[in-house]
Amino acid sequence: MSLPALSRRRFASFLGASLGAALVPPRVAHARRPAGVPDDAILLNSNENPYGPSPAARAAMSRAHEREAARYPDANEREVVEEIARHHGVSPEQVVLGCGSGEILRIADMAFLGPGRTLVVAEPTFEAVLLYARVTKAEGVKVPLTADHRHDLGAMAAACDARTGLVYVCNPNNPTGTIVSGAELRSFLDRVPRSAVVLVDEAYHHFVEDTGYRSATEWLARTPNLVVARTFSKIHGLAGMRLGYSLSSVEIARALREHLFWNNTNASVLAAALASIGDTAHVEQQRRSLNATRAELCAALRRDGRAFVPSHANFVLIEVGGDVQPLIEAFRARGILVGRKFPSLPHWLRVSIGTPEETRAFLSALRELVPARAVA
């Protein structure tokens with residue numbers, strides 16, 4: 001892969017021997033880039049998995065392409081729904097498939113919001129749920145994060161009233177990478193009125209190592225107004241194939257299905273999902289590889305004296321000492337794409353975790369563009 005002109009010495013200063021010993025799979029092949037972006041650009045802007053799907057998932061997609069592309073995927077969908085249900089210990093009627101977890105967010109807005117209703121979210125968080133809510137004419141209620149960049153669940157619960165149709169909790173949160181603990185989440189679920197649906201987005205669930213974290217799936221049986229969203233885009237490396245799902249009560253699942261597109265999945269991604277769900281060895285390998293790179297990046301940032309938010313996801317939020325937009329463009333000019341500007345955090349840069357080589361290139365460019373003394 002062609003990289004910006006960066007010295008080996010700078011590379012070596014970043015990652016230690018511990019990362020070199022980690023088992024790291026090959027980087028996924030180059031995808032087609034947007035206009036003006038070179039084919040060998042380093043993509044650290046969308047929190048994708050640079051290693052792509054597992055070998056089993058790739059083989060399954062190839063077989064599906066040959067055997068099933070000409071047929072509608074109804075039977076395949078049912079098989080995936082049943083496997084997801086077995087994996088989580090719920091009934092198939094509690095599982096809804098989406099074209100990525102983004103569709104789950106969209107149909108939750110469609111099902112539970114409308115004129116006169118409110119959507120309660122953290123600020124900042126993943127914006128899709130707010131964008132979809134505009135279509136329903138609902139009002140977004142943004143609750144600022146705490147001083148340590150975490151959800152202020154107490155304030156979010158207090159913001160709920162009889163008008164609240166949906167409450168969105170991204171855990172880990174995008175763009176901060178922070179989490180709320182299992183104890184905090186359980187208390188929050190008890191405080192939100194049962195008339196409001198709580199949507200917990202766990203797109204980055206697999207990267208969390210904190211022992212205090214709990215998946216909201218633990219409280220599905222006792223919380224009838226809870227929806228949990230998951231995706232195959234992150235740890236499973238299937239962002240380009242588009243598949244997500246929700247887990248909820250049967251009643252909520254029925255309400256969500258009313259807003260789905262007919263046959264919103266495809267045979268190839270369904271085959272890949274079946275291969276991926278039970279591939280625990282691949283999931284663990286991906287978690288170790290990406291979290292090791294994340295840890296080394298954070299160690300380098302700490303040595304440089306840079307402020308950053310300790311992350312539980314496959315990205316890190318870094319303070320850069322000024323408006324982030326010119327810096328984003330400067331990285332782009334060097335063939336490195338990084339995350340977008342978040343209005344409530346204008347001096348913070350979100351960078352996805354790539355391969356060790358890609359992350360070294362990012363760090364070296366950061367040191368040149370924003371010398372550590374400028375942000376210390």
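Quick caveat: nothing in here was measured; it's all calculated off a predicted structure.
A 4.5 Å side-chain heavy-atom check between Leu349 and Glu319 finds every atom pair outside the cut-off. Looking at Thr178 and Val309, their side chains come closer than 4.5 Å, going by heavy atoms from C-beta outward. Looking only at side-chain heavy atoms (C-beta outward), Ser246 and Leu256 come within less than 4.5 Å of each other. Taking 4.5 Å as the limit, some side-chain heavy atom of Tyr132 sits within range of a side-chain heavy atom of Leu105. Here the side chains of Leu297 and Phe308 are not in contact, with every heavy-atom distance at 4.5 Å or above.
The shortest non-hydrogen separation linking Arg294 to Val316 is CG-CG2, 4.0 Å. Shortest non-hydrogen contact noted between Pro73 and Asn263 is CD-ND2, 3.9 Å. Heavy-atom minimum distance, Gly140 versus Leu130: CA-CD2, 4.1 Å.
Salt-bridge formation is not detected for the pair Glu357/Arg360: no Lys NZ or Arg NE/NH1/NH2 atom is positioned less than 4.0 Å from an Asp or Glu carboxylate oxygen. Ionic pairing of Glu103 and Arg106 is present here: one or more N-O contacts between side-chain nitrogen and carboxylate oxygen are shorter than 4.0 angstrom. The existence of a salt bridge linking Arg150 and Glu184 is confirmed by a sub-4.0 Å separation between a basic side-chain nitrogen and an acidic carboxylate oxygen. Using a 4.0 Å cut-off between charged side-chain N and carboxylate O, Glu139 and Arg134 make no salt bridge. Between Glu284 and Arg288 there is a salt bridge, since a side-chain N of the basic residue sits under 4.0 Å from a carboxylate O of the acidic one. Salt bridge annotation for Arg287-Glu209: present, with a cationic side-chain nitrogen under 4.0 angstrom from a carboxylate oxygen.
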request  = Given side chain to side chain contact (heavy atoms under 4.5 Å, CB included), test Phe207 with Ile353 step by step and report yes or no.
outcome  = CA-CA 11 Å; Phe207 300 104; Ile353 302 301; over 6 Å; no

request  = Test Arg350 against Asn45 for side-chain hydrogen bond (donor to acceptor under 3.5 Å, both in side chains), laying out the working first.
outcome  = CA-CA 8 Å; Arg350 191 196 68 188; Asn45 56 326; over 6 Å; no

request  = Please assess Asp152 against Thr146 for the test side-chain hydrogen bond (donor to acceptor under 3.5 Å, both in side chains), listing each intermediate value before the final yes or no.
outcome  = CA-CA 6 Å; Asp152 189 340; Thr146 60; over 6 Å; no

key: ring pair (Phe, Tyr, Trp, His ring centres under 6.0 Å) evaluation trace for His236 with His282   = CA-CA 8 Å; His236 295 294; His282 179 76; 7.6 Å; no

request  = Begin from the C-alpha positions of Arg242 and Ser233 and carry the test side-chain hydrogen bond (donor to acceptor under 3.5 Å, both in side chains) through to its verdict.
outcome  = CA-CA 7 Å; Arg242 315 307 303 128; Ser233 294; 3.2 Å; yes

key: Residue pair Thr164, Thr118: steps toward the side-chain hydrogen bond (donor to acceptor under 3.5 Å, both in side chains) verdict   = CA-CA 5 Å; Thr164 305; Thr118 64; 3.1 Å; yes

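In summary, the side chains of Asn171 and Glu202 do not present any donor paired with an acceptor at a separation below 3.5 Å, with no hydrogens or angles considered. Of the N and O atoms on the side chains of Ser187 and Asp190, not one donor lies less than 3.5 Å from an acceptor on the other residue. One side chain, Asn173 or Thr125, offers a donor N or O that lies under 3.5 Å from an acceptor on the other. For the residue pair Thr217 and Ser215, a side-chain donor N or O sits within less than 3.5 Å of a side-chain acceptor on the partner. A donor atom on one side chain and an acceptor atom on the other are found under 3.5 Å apart for Asp201 and Tyr168. Side-chain contact check for Ser249 and Gln94: no donor-acceptor pair (N or O, by modelled atom type) lies under 3.5 Å.
Annotation: the span from His312 atom NE2 to Phe315 atom CZ amounts to 10.5 Å, rounded to 0.5 Å. Atom CZ of Arg230 sits about 14.0 Å away from atom OH of Tyr204, to the nearest 0.5 Å. To the nearest 0.5 Å, the span separating CG on Leu301 from CG on Leu363 amounts to 6.5 Å.
A search for side chain to side chain contact (heavy atoms under 4.5 Å, CB included) contacts involving Gln325 returns Asp323, Ile328, Glu329, Lys341, not counting sequence neighbours.
At least one test fails for Arg334 against the ring of Phe362: distance under 6.0 Å to the centre or angle within 45° of the axis.
In this structure, Tyr245 has its ring center closer than 6.0 angstrom to the ring center of His88.
Ring orientation note: the planes of His205 and Tyr213 are tilted relative to one another, at an angle of 30° to 60°.
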